[in-house]
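These notes concern the structure reproduced below.
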Number of protein chains: 2
Amino acid sequence: MEKNDALYALAALGQETRLDVFRLLVKAGNEGMTAGAIAEALEVLPNTLSTHLAGLSRSGLVKAEREGRSIHYRSNLDTMQQLVTYLLQDCCGGNPELCAPILKIVGTDASQEDGSC
Amino acid sequence: MEKNDALYALAALGQETRLDVFRLLVKAGNEGMTAGAIAEALEVLPNTLSTHLAGLSRSGLVKAEREGRSIHYRSNLDTMQQLVTYLLQDCCGGNPELCAPILKIVGTDASQEDGSC
DNA sequence: TCCATATTTCGAGAATACTCGAAATATGGA
DNA sequence: TCCATATTTCGAGTATTCTCGAAATATGGA
């Protein structure tokens, strides 16, 4: 992940409605939710939500897929992992033994296949 | 961690200079860096940097400590871990087996003593 | 084709955030 | 005490972001 990608993702999450949306979708898991269902759950106007969903989509934190008349949104935890990895890159000047506790946070073994939850 | 704490932290990281500062301090590790050294490394005016450091401090992502005439800043990875934990809370509706890959990211075993790197 | 549903796009006003120069505060040493 | 260094605070201008109403687009069914 490059700096601008990280910035987009972090800026996206640093706004209350978008953070609420992301967490709602994390909870919803694989099924995801339609834009309408999200708007209703969070009591946000559909057009305002649409703007926020666009931001989250651009950042890669959520994925959109049209299903009939609705559009389903799902969280994309791959991006989340890449983000955390980026944030903790070169931790302690490349001496990871100095910060072992925190490095547990990042699954650096890359054993992950599907982060879409 | 509560929502507002997460919002402060994410908003703090969602700005280029502050993201640069945080990553610089993550790399610097335990020694940290003085405000002046950070300003020089990132080529930011000291007063502008000071504003950003205040934001990062408020969010708990960095810790400040006066040492003589200078003030040393260090990243605080405890806050980082709490943040990631918050973001992925209730992943997949509380069925973590559905999203095992990503849950590796969060060290839920709480075996960590010192996250200050 | 026509209509209802679902979502997005556009435009504008209000609020918030960023940056900078100038001035203030804090510390240590002569 | 006086001065130099290190950092922060203040105030203002500019830029960006957020929200909303209105209008546009896309889909599926009668």
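These numbers were taken from a predicted model, which means no experiment stands behind them. Just so it is clear: chains get the letters A, B, ... in the order the sequence lines come, proteins before strands, and each one is counted from 1.
- Within the 4.0 Å cut-off from OP1 or OP2 of D:dT19, at least one side-chain nitrogen or oxygen of A:Gln15 is found.
- A salt bridge does not link B:Glu16 to B:Arg23: none of the charged nitrogens lies less than 4.0 Å from a carboxylate oxygen.
- Rounding to whole angstrom units, CG of residue B:Leu56 and P of D:dT8 are separated by 12 Å.
- Contact between the side-chain N/O atoms of B:Tyr73 and the OP1/OP2 oxygens of D:dT8 is found at a separation under 4.0 Å.
- Nucleotide C:dG11: paired with D:dC20 (Watson-Crick or G-U wobble, both distances less than 3.5 Å).
- Across all strands shown, A:Ser70 has heavy atoms under 4.0 Å from sugar-phosphate atoms exclusively, and none from any base.
- If you measure from atom CG of B:Leu53 to atom C1' of C:dT19, you get 15 Å, rounded to the nearest angstrom.
- Within the 4.0 angstrom heavy-atom criterion, base atoms lie near A:Thr48.
- For A:Arg66 and C:dA6, the shortest distance from a side-chain N or O to OP1 or OP2 is not below 4.0 Å.
- Nearest to the side-chain atoms of A:Pro46 among the listed nucleotides C:dT8, C:dT5, C:dC18 stands C:dT8.
- For the pair B:Arg18 CZ and C:dT19 P, the computed distance is 8 Å after rounding to whole Å.
- Per the geometry, CG belonging to B:Leu49 stands 16 Å off C1' belonging to C:dG21, to the nearest Å.
- Side-chain atoms of B:Leu45 lie closest to C:dG21 of the nucleotides C:dT19, D:dT7, C:dG21.
- Taking the side chain as every heavy atom from C-beta outward, A:Thr85 and A:Met1 never approach each other to under 4.5 Å.
- If you take CD of A:Glu65 and P of D:dT27, they are 14 Å apart, rounded to a whole angstrom.
- Of the nucleotides present, C:dT5 is the one that pairs with D:dA26 by Watson-Crick or G-U wobble criteria, both distances under 3.5 Å.
- With rounding to whole Å, A:Glu16 atom CD is found 13 Å from C:dT16 atom P.
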